[in-house]
Amino acid sequence: MKKLIIAVDGFSSCGKSTMAKTLAKALGYTYIDSGAMYRALSLYCLRNGLMKDGSIDEPALMAVLDGIEIKFKKNTDGVSQTYLNGENVENEIRNLEVSNAVSIVSAVGFVRKALVTLQRKLSVGGGVVMDGRDIGTVVFPNADLKLFVTADSSVRAKRRYDELAKKGQPEDFEDILANIEWRDKLDQARAVSPLKKADDAVVLDNGEMTIEEQDAWLLDQVNRKIYGNH
Ligand code: DC
């Protein structure tokens with residue numbers, strides 16, 4: 001059976017990664033979190049003094065970019081972990097400081113070019129579910145299935161709030177909401193690869209859906225692609 005490439009794009013904190021992981025597991029595919037790559041690079045910039053007053057030192061980043069290694073490895077529970085130059089940074093890349101830096105870093109053209117190349121390299125042979133902002137529009141314009149996920153910003157902020165609290169990294173709800181709305185704006189307005197629905201993407205507004213309803217909807221979409229409409 002053909003191994004599909006499935007692109008999951010959409011707004012921040014829409015549950016794209018949960019969705020993509022569920023699909024990958026159900027199909028025996030590889031899950032790739034493209035946002036984690038932008039986050040890892042942003043963490044590198046923060047740690048190495050490349051971010052100053054909300055802007056990035058592009059020449060300095062360009063000079064070191066080739067030497068920065070971003071990888072995914074599964075932990076003993078089979079959960080994908082993000083590694084930056086050999087260090088597991090999976091938790092650290094989710095904090096608010098990184099979330100604030102990442103929209104700046106991900107708007108840089110040469111950063112996107114390098115990470116898109118890496119995303120394509122990791123997907124050779126298919127059997128991949130990748131989530132992000134430009135997967136269906138730029139990374140894989142010929143993806144077999146494209147999903148575009150959306151939900152109201154306050155619903156998304158509440159989800160992120162609960163997720164961080166559960167991990168023991170609580171943040172203020174209003175700060176999270178502001179960060180999400182700010183990222184929505186930057187993601188949609190940036191000149192390079194802005195967040196937008198691909199013409200052939202299927203839209204999912206999951207603001208009022210349960211996980212079970214969403215999972216059923218997802219499998220239906222995949223079955224339609226694999227077996228055709230029936
Ligand atoms: O999916 P996420 O929230 O972890 O993504 C983090 C940031 O990275 C988000 O603000 C937008 C950016 N991003 C991007 O520009 N392109 C992608 N393919 C994935 C993420």
Side-chain angles (χ1 to χ4, degrees), residues 5-21 24 31-46 51 54 56 61 70 72 79-82 84 89-123 128-141 143 146-151 153 155-157 159-161 163-164 167 169 171 175-198 201 204 206:
I5 290 196
I6 302 178
V8 183
D9 288 304
F11 291 93
S12 300
S13 304
C14 267
K16 292 188 302 293
S17 65
T18 307
M19 188 178 299
K21 277 181 209 156
Y31 162 63
I32 300 175
D33 178 354
S34 71
M37 299 179 177
Y38 290 97
R39 286 175 178 274
L41 202 54
S42 304
L43 178 62
Y44 179 94
C45 293
L46 286 167
M51 292 285 303
I56 182 155
L61 177 57
I70 297 168
F72 295 111
V79 182
S80 175
Q81 305 285 299
T82 311
L84 171 64
V89 292
E90 185 59 33
N91 279 333
E92 207 175 335
I93 59 169
R94 312 287 162 190
N95 72 30
L96 208 50
E97 199 193 1
V98 173
S99 298
N100 279 325
V102 70
S103 284
I104 315 275
V105 174
S106 63
V108 177
F110 67 81
V111 164
R112 301 206 70 86
K113 200 164 165 231
L115 292 187
V116 167
T117 302
L118 181 57
Q119 287 150 16
R120 290 184 180 145
K121 211 164 121 189
L122 294 177
S123 308
V128 163
V129 186
M130 189 179 294
D131 72 335
R133 304 293 187 289
D134 60 340
I135 312 305
T137 50
V138 175
V139 185
F140 296 118
K146 300 179 186 180
L147 305 173
F148 190 85
V149 197
T150 178
S153 58
V155 173
R156 291 184 278 138
R159 287 180 185 157
R160 189 68 122 193
Y161 176 87
E163 193 180 283
L164 288 169
K167 279 194 197 161
Q169 299 174 309
E171 302 274 0
D175 287 349
I176 295 174
L177 180 61
N179 173 264
I180 281 182
E181 293 184 341
W182 179 69
R183 282 202 286 156
D184 284 357
K185 255 192 215 147
L186 289 187
D187 286 349
Q188 291 175 99
R190 70 169 169 243
V192 204
S193 308
L195 169 66
K196 68 171 196 286
K197 186 186 99 55
L204 169 66
N206 67 7

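Both ligands and their constituent atoms are indexed starting at 1 by order of listing. Just so you know, these numbers come straight off a predicted model, no measurement behind them.
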Who are the side chain to side chain donor-acceptor pair (under 3.5 Å) partners of Gln81, not counting sequence neighbours? Asn88

Got a sec, which residues hit side chain to side chain contact (heavy atoms under 4.5 Å, CB included) with Ala151, two or more places apart in sequence or on another chain? Cys14, Arg156, Arg159, Asp205, Asn206

Could you tell me which residues satisfy side chain to side chain contact (heavy atoms under 4.5 Å, CB included) with Lys113, sequence neighbours excluded, listed by chain and number? none

Donor-acceptor pair, Asp131 side chain versus Val8 backbone, under 3.5 Å? no

Might you list the protein residues in contact with ligand 1, defined as having a heavy atom under 4.0 Å from one of its atoms, sorted by chain and number? Ser34, Gly35, Tyr38, Arg39, Val102, Ser103, Ser106, Arg112, Gly132, Arg133, Asp134, Ile135, Arg183, Asp187, Arg190

Regarding Arg112 and Asp134, does a basic nitrogen lie under 4.0 Å from an acidic carboxylate oxygen? yes

For Arg120, which of Leu115, Ile5, Val139 qualifies under side chain to side chain contact (heavy atoms under 4.5 Å, CB included)? Val139

